[in-house]
Enquirer: 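The structure's right below; bear with me while I get my questions together.
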Number of protein chains: 2
Amino acid sequence: MEDGPTREEGVAVVADGTDRTSGAELPFADPAGRPTLRTVAELAGVHVSTVSRVLNHVGGPGVRPASRTTAERIRRIAERVGYSPNPHATGLRTSRSRLVGVLVPRLVDIVLATIYEGIEEATATYGFSTFVANTGDDPTAQRRRTEMVLARRVDGVIFGDAYVDGRFLDEVAGRGAPFVLVSRRAGDYPSVTCDDVLGGRLAAEHLLALGHRDLAVIAGEPYASTGIDRTAGFLAACDAAGVHVPGSRVVHSRFDTEGGRAAMSRVLADGAAPTAVFVVNDFAAIGAMGVLRDAGLVVGRDVAVVGFNDVPLAGSLPVGLTTVRSPMHEMGVRAAHLLMRRLGGEEVASERLVPVLVPRASTLGDRGA
Amino acid sequence: MEDGPTREEGVAVVADGTDRTSGAELPFADPAGRPTLRTVAELAGVHVSTVSRVLNHVGGPGVRPASRTTAERIRRIAERVGYSPNPHATGLRTSRSRLVGVLVPRLVDIVLATIYEGIEEATATYGFSTFVANTGDDPTAQRRRTEMVLARRVDGVIFGDAYVDGRFLDEVAGRGAPFVLVSRRAGDYPSVTCDDVLGGRLAAEHLLALGHRDLAVIAGEPYASTGIDRTAGFLAACDAAGVHVPGSRVVHSRFDTEGGRAAMSRVLADGAAPTAVFVVNDFAAIGAMGVLRDAGLVVGRDVAVVGFNDVPLAGSLPVGLTTVRSPMHEMGVRAAHLLMRRLGGEEVASERLVPVLVPRASTLGDRGA
DNA sequence: CTGAAAGCGCTTACAG
DNA sequence: CTGAAAGCGCTTACAG
């Protein structure tokens, strides 16, 4: 690195007031020059075990880790030298790492990225850090990435890429690593999801109320509970209203823009355009809207489109996208809490968060602009 | 967890053929029942140090870690019991963690998410894992998250959220953690960026060639080299062509859709609309397009808009967005390699990757549809 | 070619 | 209230 002289001379005092480089080398520092427990012990004139007890505030009501004055001295010194425990040593000793692995289909999918932000935020409040890995919904990658994460000795795992059959998860459960699911449910494993069935119903009721009877569904991947449940909820509501959606009008798709394009093209190739389309993902919905436009149809006037998730962009599109808002960030936060409770040995139950329909121009036309 | 009986009875053989749970407990397993080096040594009838040497293929040309047959036996046993080294033990012993910290403004920004995917992918090929943390471009968060990452004893850090002044980085450099920058440059620290000056120039040349003379720039945050350099390149090219862009027509903005909306509104409030706008980020460009539309202007006919990055959505928009494509994934990959070389003790030089202009309807009108 | 020992930096019973 | 010891699972000179 092209260090200038200023940096070469060292930064005497960093912003938090900790004096990390002044004076002589710290006694009993680690190879990188960082203070160890021994450093603090030596400076305080006590045994390392005392320092450890004090800094971990061991001791319940009435039980003190050390005398008040000793404890204070130790804490002051630890602060002054900028002591932070070596997580490798702690991890080795306690066999807990305060690490959690998070597996997602793709982090560039803003839905998953938002969920992950919630996870990261919430786990951090427990002093945990997270590894994320993309699996691209590919079983081989899921396996390999899970191995990698377990090899890192994470305390737990959050899967955001579960296949609804849960077979892979059965294997993981056999390995003894606690985990929870987020976004997608599978088997009987604890999960935090959006109430996708309800979401699908909200979409259907909205379209039915607007008078639509000629409907199509772009349903997502067949292995993801999100698409499955949203579609099921939609179709059930149609059924209840006596509106039949033919099987040829329910097509699977990838969850991205390109997937929506391909699926919408297939629907159009199949005959006359429906008057309304429910797409189980906003990005796929954007792709579908593109195809409709290219076919000379005006979204919101000729064809209504409902998406799912309410990504930030949905409201900023030229034709605002009516969509079912799912609490993405909140799902991440809750999943993190759920895992923490599992790690504490609690039995936990799945949580289903309530979605809300957000009507915009893509179903309301000018009224929704 | 609601384990069914099948899972309770254990999964005898997992998919990779490793027999992890059959027979009696492994000898000298760790508290979680995982095999240790000692497990393998005992099973192979050799000393742990021999196992360690074999599994780490110690030994250069001519130097063997063990006899061929012993080595093979050890490797077979390690494979059979599913041995994977405890990274805490290795980390404690070697004071290297094979961990890298990655700081980004926000992971929900697809630009950063794409860069991060490249980083993650490339570091994984070195056997490294990554921690990501959001800092929201907030100096306090940058400090706190960096502390957190260093406390985890990462071997190195990649900053995707550098302030161009580099003052915070000067402090970090004083702490002895090797790092590189990605996306944004700062000071003389090694970085992998897009050639943003060139990108700005490409945008200007495109608009000038189309005959535009009445220009505006939505310039991003003043502390980010991306916005600064893109704007500088744009203005320099205008200057060279004898076209003056008044200072009032160059406005700072956040990098997201909302930021683009706000900035575009300010430009419009300031007087007559320009005939062309260069926005240094695609999402901000989408926001700007929304404001133009709301003002009754047709993008691509009344006003030309050029964005930056070419996010996947840019081409799928109702009015395709002309934009300067930056190699986001590639930047992440290169930054990872650069850090790895730094960790190997190499002196490394910054890399600037070449952007390409992608013309679409937002500047070409119907011709670009 | 292989073994034995030391030690990385912690935590946690166990004494006193 | 505090100290001393053991040991977590590795790696790495050092012997032989």
Side-chain angles (χ1 to χ4, degrees), chain A residues 26-60 62-74 78 81-98 151-153, chain B residues 26-60 62-74 78 81-98 151-153:
Chain A
L26 292 167
F28 304 103
D30 76 4
R34 292 191 205 87
T36 66
L37 214 47
R38 179 108 186 261
T39 307
V40 178
E42 221 71 31
L43 257 25
V46 296
H47 194 262
V48 288
S49 61
T50 306
V51 179
S52 176
R53 265 183 249 116
V54 167
L55 296 182
N56 295 317
H57 3 60
V58 173
V63 189
R64 307 228 139 184
S67 73
R68 181 179 271 292
T69 59
T70 311
E72 266 171 15
R73 185 156 35 91
I74 287 170
V81 300
Y83 173 73
S84 90
N86 183 322
H88 297 124
T90 306
L92 180 57
R93 184 55 231 250
T94 63
S95 43
R96 289 184 314 117
S97 58
R98 294 182 162 265
R152 282 283 176 189
R153 303 302 196 261
Chain B
L26 292 168
F28 305 103
D30 76 5
R34 293 191 204 87
T36 65
L37 212 48
R38 180 107 186 261
T39 306
V40 179
E42 220 70 34
L43 257 24
V46 296
H47 194 263
V48 288
S49 61
T50 306
V51 179
S52 176
R53 266 183 248 116
V54 167
L55 296 181
N56 294 318
H57 4 59
V58 173
V63 189
R64 306 228 137 183
S67 74
R68 179 178 271 294
T69 60
T70 310
E72 267 170 14
R73 185 157 34 92
I74 288 171
V81 299
Y83 172 73
S84 90
N86 183 322
H88 298 124
T90 306
L92 179 57
R93 182 56 231 250
T94 63
S95 41
R96 290 183 314 118
S97 58
R98 295 183 159 263
R152 282 283 176 189
R153 304 302 196 260

Enquirer: Please confirm whether the backbone N or O of B:Ala29 pairs with a side-chain atom of B:Thr36, one donor and one acceptor, at under 3.5 Å?
Expert: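 No: the side chain of B:Thr36 does not pair with the backbone of B:Ala29.
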
Enquirer: My understanding is that a pair needs two contacts under 3.5 Å, Watson-Crick or G-U wobble. By that rule, which nucleotide pairs with D:dC14?
Expert: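 Paired with D:dC14, as far as the under-3.5 Å criterion goes, is C:dG3.
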
Enquirer: Using side-chain heavy atoms (C-beta onward) and a distance below 4.5 Å, is B:Val54 in contact with B:Val46?
Expert: no

Enquirer: Check the distance between C:dG9's C1' and B:Arg96's CZ and give it to me in whole angstrom.
Expert: 18 Å

Enquirer: Give a yes-or-no answer on whether the side chains of A:Ser52 and A:Ser49 include a donor-acceptor pair shorter than 3.5 Å.
Expert: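 Absent: no donor and acceptor within the cut-off.
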
Enquirer: Distance check needed: C:dG3 P versus B:His47 NE2, whole Å only.
Expert: 7 Å

Enquirer: Taking OH from A:Tyr83 and C1' from C:dG9, how many angstroms apart are they, rounded to a whole number?
Expert: 7 Å

Enquirer: Using only side-chain N and O atoms of A:Thr50, determine if any of them is under 4.0 Å from OP1 or OP2 of D:dG3.
Expert: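 For D:dG3, OP1/OP2 do have a side-chain N/O of A:Thr50 under 4.0 Å.
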
Enquirer: By nearest nucleotide on DNA chain C, pick out whichever of B:Arg73 and A:Asp30 is the more 5' one.
Expert: B:Arg73

Enquirer: Do the side-chain N or O atoms of B:Thr70 get closer than 4.0 angstrom to the phosphate oxygens (OP1, OP2) of C:dT2?
Expert: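 Yes.
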
Enquirer: Looking only at side-chain atoms of A:Asn86, point me to the closest of C:dC10, D:dC8, D:dC10.
Expert: C:dC10

Enquirer: Measure the distance from CZ on A:Arg34 to P on C:dC10 and round it to the nearest whole Å.
Expert: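 In whole Å, C:dC10 P lies 11 Å from A:Arg34 CZ.
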
Enquirer: Would you classify A:Ser49 as touching base, sugar-phosphate or nothing, given that sugar-phosphate means primed atoms plus P, OP1 and OP2, and contacts are heavy atoms under 4.0 Å?
Expert: base

Enquirer: Which nucleotide, D:dC10, D:dT12, D:dC8, lies nearest any side-chain atom of A:Leu92?
Expert: D:dC8

Enquirer: Work out which heavy atom in A:Leu92 is nearest to a heavy atom in B:Ala89; give both atom names and the distance.
Expert: CD1-CB, 3.9 Å

Enquirer: Measure from CG on A:Asn56 to P on C:dG9 and round the result to the nearest Å.
Expert: 17 Å

Enquirer: Rounded to the nearest Å, what distance is computed from the CG atom of residue B:Leu37 to the C1' atom of nucleotide D:dG7?
Expert: 16 Å

Enquirer: Would you say B:Ser84 and A:Arg153 are linked by a side-chain donor-acceptor pair, where the criterion is simply a distance under 3.5 Å?
Expert: yes

Enquirer: In whole angstrom, what separates A:Phe28's CZ from C:dG7's P?
Expert: 13 Å

Enquirer: Check every atom of D:dG9, C:dG3, C:dC10 against the side chain of A:Thr90 and return the nucleotide holding the closest atom.
Expert: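 Comparing D:dG9, C:dG3, C:dC10 against the side chain of A:Thr90, the answer is C:dC10.
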
Enquirer: Is there, by distance only and without an angle test, a donor paired with an acceptor across the side chain of A:Arg53 and the base of D:dG3 below 3.5 Å?
Expert: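 Checked by distance alone, the answer is yes.
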
Enquirer: Grab the NE2-C1' distance between B:His88 and C:dG9 for me, whole Å please.
Expert: 13 Å

